[in-house]
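Below is one structure, written out as structure tokens, with a few remarks after it.
As the structure is a prediction and not an experimental result, all values here were calculated from the model. Remember, it's 1-based here, ligands and their atoms both numbered in the order they're listed. The first residue in the sequence is number 1, and the count goes up from there.
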Amino acid sequence: MVRRPALRKPASLKPGAWKPALARLPAAVTTLPGRFTSRLHDERVASLLGIALGAGVLVSFGTGLVSHFMQQPAGWTRWPSRPVNLYRVTQGVHVIGGLATVPLLLAKLWTVYPRLWQWPPVGSLAHGARRLLVFALVGAALFQSVTGVLNIGYWYAFGFFFTTAHYWTAYILLGALVIHVAGQWPRARRAVMTRPQDAVGRRGFLLTVAAASGAVALTTAGEAATPLARLAVLAPRRPGNGPQGVPVNRSAAATGVTSLARDPGWRLTVTGRVTRPLTLTLADLRALPQHTARLPISCVEGWSVEATWRGVRLRDVLHLAGVAGDARVRVESLERHGRHRASQVDPPHWHDPLTLLALGLNGAPLALDHGYPCRLIAPNRPGVMQTKWVHRVVVW
Ligand SMILES: Nc1nc2c(c(=O)[nH]1)N[C@H]1C(S)=C(S)[C@@H](COP(=O)(O)O)O[C@H]1N2
Ligand SMILES: [Mo]
């Protein structure tokens, strides 16, 4: 129920003097309570959008958890190295699906905003609690959308670390959503199940929202699905753009590793819980059996590109050094600072014959920006964990 406020008018105005001015405003800005002109602010539209939005949030939450626990493995997580493209799919769905829910969220907010302007703001304790929940829900949903969009746009305008904030806010969003759905379910069900008697243009409105959502998905999907690459006008990274046909997130120059990576004195060392510590030159690595793997780089920011990698199997190098089958491994970059300078490789991944210390990409030696002289590439793994400019392998 929208309760009408007691409008307080300035003394200088005659009663009703504001009405002509109000009439000249476009419909969407006539936000004075009780004067919402569109009949689309109704339960049926709100319910249908809510159902689509709820499904979108659930999918984003599930795929987001996968991404989080792949990057920060917990004691109970044991990620398989196959299917090769699993992370590519879950993260593509997370980012592209997340973007596609933004038009739904905006449409839903537009549909229900008259209720947000209720007066008085709090009627009773229960009413206050309900409103608090709605504000948590709306706030968390907007926060996730805005930080997600800024992050994939590489615009770190916020002063907090994106993944931590985005991760914890997801629980607030899900919690508020569950309570909200539990409370609204009977009404939403009724609104959706009863055939409307009036025609207020709901179908046109909902189709427009669906088209907007589809257009967002279509113009970003090309960052993960190569045949759609030319349509990916909204994607910050596209397949084919970059040295050797693969995009670069962080270049050697930006990372400050150029001279170390080009140094002929570069060695790969294997240390820690090994029976034979190794120090290998690039020529030593090239002299080991070389293998080819067709694997994607699947960036957490949604873009992904498949490429042909060539190099030495990580497991061959580890067997040379003499490691236990359950050993945990960390590959370390020449990069001294930066969040992505090292990554952990658990047994399912280092045992996989497709996991390479790559020396070549798409038929040529690895370009400096792709991790020359040596980078990790493994199946079913976030791009941030495909460490470039590797110079040390630590076993424990
Ligand atoms: N040492 C190091 N490795 C890194 C990064 C980095 O910043 N430093 N970026 C990672 C990220 S976020 C991605 S998506 C991939 C990109 O690999 P590419 O530049 O070869 O496409 O490399 C990963 N490896
Ligand atoms: Mo990435």
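- With salt bridges taken as basic N to acidic carboxylate O contacts below 4.0 Å, none links Lys388 and Glu335.
- The N/O atoms of Thr255, backbone and side chain alike, include none that comes under 3.5 Å of an N/O atom in ligand 1.
- Residue Ser47 comes nearest to Ala188 through the heavy atom pair OG-CA, 3.5 Å, listed as atom of the first residue, atom of the second, then distance.
- Nearest heavy atom pair, residue Pro347 against residue Ala327, reads CG-O, 3.5 Å.
- Ring-plane geometry between Phe205 and Trp110 is classed as tilted, the angle between the planes lying from 30 to 60 degrees on a 0 to 90 degree scale.
- With ring centers used as reference points, His41 lies under 6.0 Å from Tyr113.
- At least one N or O atom of Pro247, backbone or side chain, sits closer than 3.5 Å to an N or O atom of ligand 1.
- The ligand atoms of ligand 1 that sit less than 4.0 angstrom from a heavy atom of Trp389 are 1 (N), 2 (C), 8 (N).
- Nearest protein heavy-atom contact of atom 13 (C) of ligand 1 is Gly383 O, 3.4 Å.
- For the pair Arg328 and Asp346, the salt-bridge criterion is met [side-chain N within less than 4.0 Å of a carboxylate O].
- The shortest N or O to N or O distance between Arg341 and ligand 1 is not below 3.5 Å.
- Of the polar atoms of Ser333, at least one N or O is found under 3.5 Å from an N or O of ligand 1, judged by distance alone.
- Separation of the Trp79 and Phe69 ring centroids does not fall under the 6.0 Å cut-off.
- Atom 7 (O) of ligand 1 has its closest protein heavy atom at Arg250 NH1, 3.4 Å.
- Here the CG-CH2 distance, from Asp352 to Trp350, works out to 11.5 Å after rounding to the nearest 0.5 Å.
- At a 3.5 angstrom cut-off on N or O pairs, Arg375 counts as close to ligand 1.
- Atom 9 (N) of ligand 1 has its closest protein heavy atom at His340 CD2, 4.0 Å.
- Less than 4.0 angstrom separates some heavy atom of Asn249 from each of these atoms of ligand 1: 12 (S), 14 (S), 19 (O).
- Under a 4.0 Å criterion applied to the non-hydrogen atoms of Trp303, ligand 1 contributes the atoms 14 (S), 21 (O).
- The protein heavy atom nearest to atom 24 (N) of ligand 1 is Gln386 O, 3.0 Å.
- What sits closest to atom 3 (N) of ligand 1 on the protein, heavy atoms only, is Lys388 N, 3.0 Å.
- Looking at Asp198 and Arg202, a side-chain N of the basic residue comes within less than 4.0 Å of a carboxylate O on the acidic one, giving a salt bridge.
- Under the 4.0 Å criterion applied to side-chain N and carboxylate O atoms, Glu332 and Arg341 are not assigned as salt-bridge partners.
- Contact annotation for Glu335 and ligand 1: only side-chain heavy atoms (C-beta onward) come within less than 4.0 Å of the ligand.
- Near Val246, meaning under 4.0 Å from any of its heavy atoms, are these atoms of ligand 1: 21 (O).
- For ligand 1, the polar-atom distance check finds no N/O of Thr387 at less than 3.5 Å from any of the ligand's N/O atoms.
- No part of Trp309 comes within 4.0 Å of ligand 1, judged by heavy-atom distances.
- Arg286 and Thr281 share no side-chain donor-acceptor pair at under 3.5 Å.
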